[in-house]
Amino acid sequence: MNIRIATWNINSVRLRLDLLARLEKEFQPDIICLQETKVQDEFFPNDEISKLGYRHVVYSGEKSYNGVAILSKQPIRDKFEIYLCNNDKRHICAKIGDFELHNFYIPAGGDEPDIEINPKFKHKLNYLREMDEWFAKNRLKNDKVILVGDLNIAPLENDVWSSKQLKNVVSHTQVEREGLMKIINDFEFIDTGRKFVDPSTKLYSWWSYRNKDWKKHNRGRRLDHIWVSKPLKLRLNGITCPPEIRDWDRPSDHVPFMLDLKI
DNA sequence: ATGGTTGGCGCCCAA
């Protein structure tokens with residue numbers, strides 16, 4: 001038996017319910033973790049999502065910005081939220097089957113990679129540090145943990161179209177890359193994207209809206225990730241990150257990243 | 001050389 005888990009920055013869930021339906025039809029994820037839902041809880045489109053087969057849903061949203069959700073075909077046994085740095089709705093956790101699934105939306109960090117002049121960049125780095133501390137304090141390395149999300153950082157050289165040209169661009173600076181790798185290393189997470197796609201090969205999950213033809217130069221970045229703790233290592237079955245979804249009608253700038261896991 | 005586009009909301013902000 002196999003379970004498919006997707007993570008997707010959908011950039012407004014209400015605007016893209018038709019894309020969610022198409023994802024279910026063509027890829028049949030059992031669980032979908034969404035970021036940037038951009039909707040307050042009272043307006044979350046529960047009924048439409050239930051009709052797609054996701055009858056177990058948890059969400060944490062706010063007006064205009066941020067917002068996360070977990071949609072599941074399987075029962076959710078428990079849920080909770082973590083607030084790091086401030087009250088932004090950037091995390092939700094669901095206990096499904098024998099694992100705990102954490103869905104994060106790490107702050108984008110603004111344009112200027114300098115904490116002295118850009119408070120958004122400072123917030124991003126603080127958020128990373130507090131994530132690391134939370135797992136060290138609250139979870140054991142042999143717990144069954146899955147961490148997914150739009151982590152807004154491309155840690156490896158081939159996670160961006162040009163590591164040299166992006167070395168001072170927020171999402172690929174040294175301090176961000178090290179901050180993300182520290183969380184991976186401290187908790188001994190497995191980066192499933194790079195378990196199945198060799199680090200010598202380019203792998204992207206995001207292409208800017210600002211390039212009219214995203215395929216022409218293929219200037220992508222790998223900002224979306226699925227990590228698993230060590231006890232789940234032998235259950236990994238493969239990943240899917242279909243770039244063609246970037247071409248669907250009125251797309252998000254991110255495509256879903258999916259993991260298949262034995263259950 | 002410092003663009004370019006999108007979404008939500010409301011006459012700009014964040015990504």
Side-chain angles (χ1 to χ4, degrees), chain A residues 7-23 33-45 48-49 59-69 83-91 103-115 117-128 148-155 159-162 164-173 176-177 179-180 204-225 243-257:
Chain A
T7 178
W8 193 12
N9 179 322
I10 197 166
N11 189 15
S12 172
V13 66
R14 286 179 292 183
L15 193 71
R16 291 187 229 285
L17 285 167
D18 55 333
L19 297 195
L20 209 50
R22 187 168 171 189
L23 182 72
C33 300
L34 298 174
Q35 304 87 33
E36 280 205 274
T37 52
K38 293 184 174 177
V39 60
Q40 288 158 287
D41 292 348
E42 59 203 291
F43 303 125
F44 194 85
E48 293 89 336
I49 284 169
Y59 42 83
S60 174
E62 61 190 277
K63 196 176 179 178
S64 304
Y65 306 112
N66 310 320
V68 285
Y83 291 90
L84 304 176
C85 301
N86 60 22
N87 292 321
D88 287 358
K89 312 278 189 167
R90 296 184 176 275
H91 169 273
N103 178 14
F104 279 98
Y105 174 48
I106 292 183
D111 288 330
E112 204 60 55
D114 182 342
I115 59 167
I117 59 172
N118 176 9
K120 289 183 207 164
F121 193 66
K122 189 173 181 179
H123 177 216
K124 185 177 196 175
L125 298 184
N126 286 338
Y127 198 94
L128 285 173
V148 314
D150 175 4
L151 306 186
N152 266 316
I153 296 170
D159 292 340
V160 295
W161 60 276
S162 168
K164 205 179 243 179
Q165 281 173 265
L166 294 181
K167 71 179 169 65
N168 295 320
V169 173
V170 173
S171 76
H172 194 61
T173 63
E176 292 168 88
R177 296 167 67 181
L180 199 70
Y204 309 140
S205 64
W206 174 89
W207 292 262
S208 173
Y209 282 129
R210 295 178 191 181
N211 295 320
K212 201 69 183 157
D213 184 355
W214 67 278
K215 273 183 289 197
K216 190 176 173 192
H217 294 109
N218 192 26
R219 293 181 169 178
R221 302 179 202 170
R222 184 172 74 110
L223 303 180
D224 302 275
H225 303 269
E244 67 269 21
I245 293 179
R246 187 63 178 76
D247 256 349
W248 284 2
D249 192 39
R250 291 199 80 183
S252 166
D253 44 356
H254 296 253
V255 298
F257 179 82

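Every chain is numbered from 1 and lettered A, B, ... according to where its sequence line falls, protein lines coming before strand lines.
Rounded to whole Å, the distance from CG on A:Leu19 to C1' on B:dT6 is 14 Å. When the C1' atom of B:dG7 is taken as reference, atom CG of A:Leu15 falls 7 Å away, rounded to whole Å. Between the P atom of B:dG7 and the CD atom of A:Gln35 lies a distance of 17 Å, rounded to the nearest Å. Computed from coordinates, the A:Leu17 CG to B:dG7 P distance equals 14 Å when rounded to whole Å.
A:Leu166 is linked by a side-chain contact (heavy atoms from CB on, under 4.5 Å) to A:Val160, A:Trp161, A:Val169, A:His172, A:Arg221, counting only residues two or more places apart in sequence or in another chain. With sequence neighbours excluded, the residues satisfying side-chain contact (heavy atoms from CB on, under 4.5 Å) with A:Asp247 are A:Trp214, A:Lys215.
Using a 30° and 60° split on the angle between ring planes, A:Trp248 and A:Trp8 fall in the perpendicular class, above 60°. Using cut-offs of 30° and 60° for the angle between ring planes, the A:Phe104 and A:Tyr127 rings count as perpendicular.
Contact between A:Pro45 and A:Val13 at its shortest, heavy atoms only, is CD-CG1, 4.1 Å.
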* To do: Might you work through the side-chain hydrogen bond (donor to acceptor under 3.5 Å, both in side chains) test for A:Ser252 and A:Asn11, ending with a clear yes or no?
  => CA-CA 6 Å; A:Ser252 166; A:Asn11 189 15; 5.3 Å; no
Taking N or O atoms only and anything under 3.5 Å, show me the protein contacts with nucleotides 12-15 of chain B, one pair per line.
unit_1: B:dA15; atom_1: N6; unit_2: A:Arg210; atom_2: NH2; d: 2.5
unit_1: B:dA15; atom_1: N1; unit_2: A:Arg210; atom_2: NH2; d: 3.2

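Annotation: B:dA1 and B:dC12 have their P atoms spaced 31 Å apart (nearest Å). Nucleotides B:dA15 and B:dG4 are separated by 13 Å at their C1' atoms, to the nearest Å. Nucleotides B:dC9 and B:dA14 place their C1' atoms 12 Å apart, quoted to the nearest Å.
Between A:Arg250 and B:dG7 there is a side-chain polar atom (N or O) within less than 4.0 angstrom of OP1 or OP2.
Residue contacts for A:Arg16: at a heavy-atom cut-off of 4.0 Å it reaches the sugar-phosphate backbone alone, with no base atom in range.
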